[in-house]
Amino acid sequence: MSRAKVPAAAVRAVCLALPGVTERPSHGAPTWFVGNKRAFVTCWSDGHHDHTFPHLWCAAPPGAQEELIETEPVRFFRPPYVGGRGWIGVRLDCGVDWDEIAEVCREAYRAVAPQRLVAELDGG
């Protein structure tokens, strides 16, 4: 497996384990959707536009984008297009903690999933 494919494979395993998730390309990048409608994570293994490093775009709860960028600006950034909706950019080229990436993906899911699927995720 090429180095560029490793981030997508790792993110895929996390996202497809969540209830009601589908995957399809969006703008040429693997993207995960809740119920085949609402995107919550996009993986740019080879970078995108000015961000030439591997990274994710992830939905986020209100306020998370500002907090993460302020506290960890080397790892988190405001992505183009979706940043205005509060999404976060997550670098995958600097000391990646895959447990943390999994949690970021789960939080992204929670930010867009209907309550019944969030309850299923939580075992209820």
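Here the structure is a predicted model, which means the values were calculated and not measured.
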Practice problem: For the residue pair Trp57 and Pro80, establish whether any side-chain heavy-atom pair is separated by less than 4.5 Å. | Solution: yes

Quiz item: Does any non-hydrogen side-chain atom of Cys105 lie less than 4.5 Å from one of Ile101?
Solution: yes

Quiz item: Roughly how far, to the nearest 0.5 Å, is the CZ atom of Arg116 from the CG atom of Leu121?
Solution: 13.0 Å

Quiz item: Can you tell me how far CZ of Phe40 sits from CG of Leu18, rounded to the nearest 0.5 angstrom?
Solution: 5.0 Å

Quiz item: Do Tyr81 and His27 have ring centres separated by under 6.0 Å?
Solution: no

Self-check item: Common cluster, Val41/Trp87, ILVMFWY with side-chain heavy-atom separation under 4.5 Å
Solution: no

Self-check item: Heavy-atom closest pair, residues Arg78 and Gly84
Solution: NH2-CA, 3.0 Å

Practice problem: Identify the heavy atoms of Ala59 and Ala111 that sit nearest to each other, and give their distance. | Solution: CB-CB, 4.2 Å

Quiz item: Does the side chain of Phe53 reach to within under 4.5 Å of the side chain of Cys94, using non-hydrogen atoms?
Solution: no

Quiz item: Does Ser45 reach the main-chain N or O of Cys43 with its side chain, forming a donor-acceptor pair under 3.5 Å?
Solution: no

Quiz item: When you measure from the centre of the six-membered ring of Phe33, is the NZ or CZ of Arg24 under 6.0 Å away and within 45° of the axis?
Solution: yes

Exercise. Measure the spacing between OH of Tyr109 and SG of Cys15 and express it to the nearest 0.5 Å.
Key: 10.5 Å

Quiz item: At their closest point, which heavy atom of Gln65 faces which heavy atom of Pro79, and how far apart are they?
Solution: NE2-CD, 4.3 Å

Exercise. Calculate, to the nearest 0.5 Å, the distance between atoms CZ and CD belonging to Arg110 and Gln115 respectively.
Key: 9.5 Å

Practice problem: Can you measure from CG (Leu68) to CZ (Phe76) and round to the nearest 0.5 angstrom? | Solution: 4.5 Å

Exercise. Could you grab the distance from atom CG of Leu56 to atom OG1 of Thr42, nearest 0.5 Å is fine?
Key: 8.5 Å

Quiz item: Which residues satisfy the side-chain hydrogen bond (donor to acceptor under 3.5 Å, both in side chains) test with Trp32, sequence neighbours excluded?
Solution: Glu23

Quiz item: Should Val112 and Val82 be counted in the same cluster of Ile, Leu, Val, Met, Phe, Trp and Tyr side chains packed under 4.5 Å apart?
Solution: no

Quiz item: Between Trp44 and Val11, is there a shared hydrophobic cluster once you connect ILVMFWY residues whose side-chain heavy atoms come closer than 4.5 Å?
Solution: no

Quiz item: Less than 4.5 Å apart, any side-chain heavy atom of His55 and any of Val90?
Solution: no

Practice problem: Output yes when Asp122 and Arg106 qualify as a salt bridge under the 4.0 Å nitrogen-oxygen rule, no when they do not. | Solution: no

Exercise. Decide yes or no for Ile88 and Val104: does some side-chain heavy atom of the first lie under 4.5 Å from some side-chain heavy atom of the second?
Key: yes

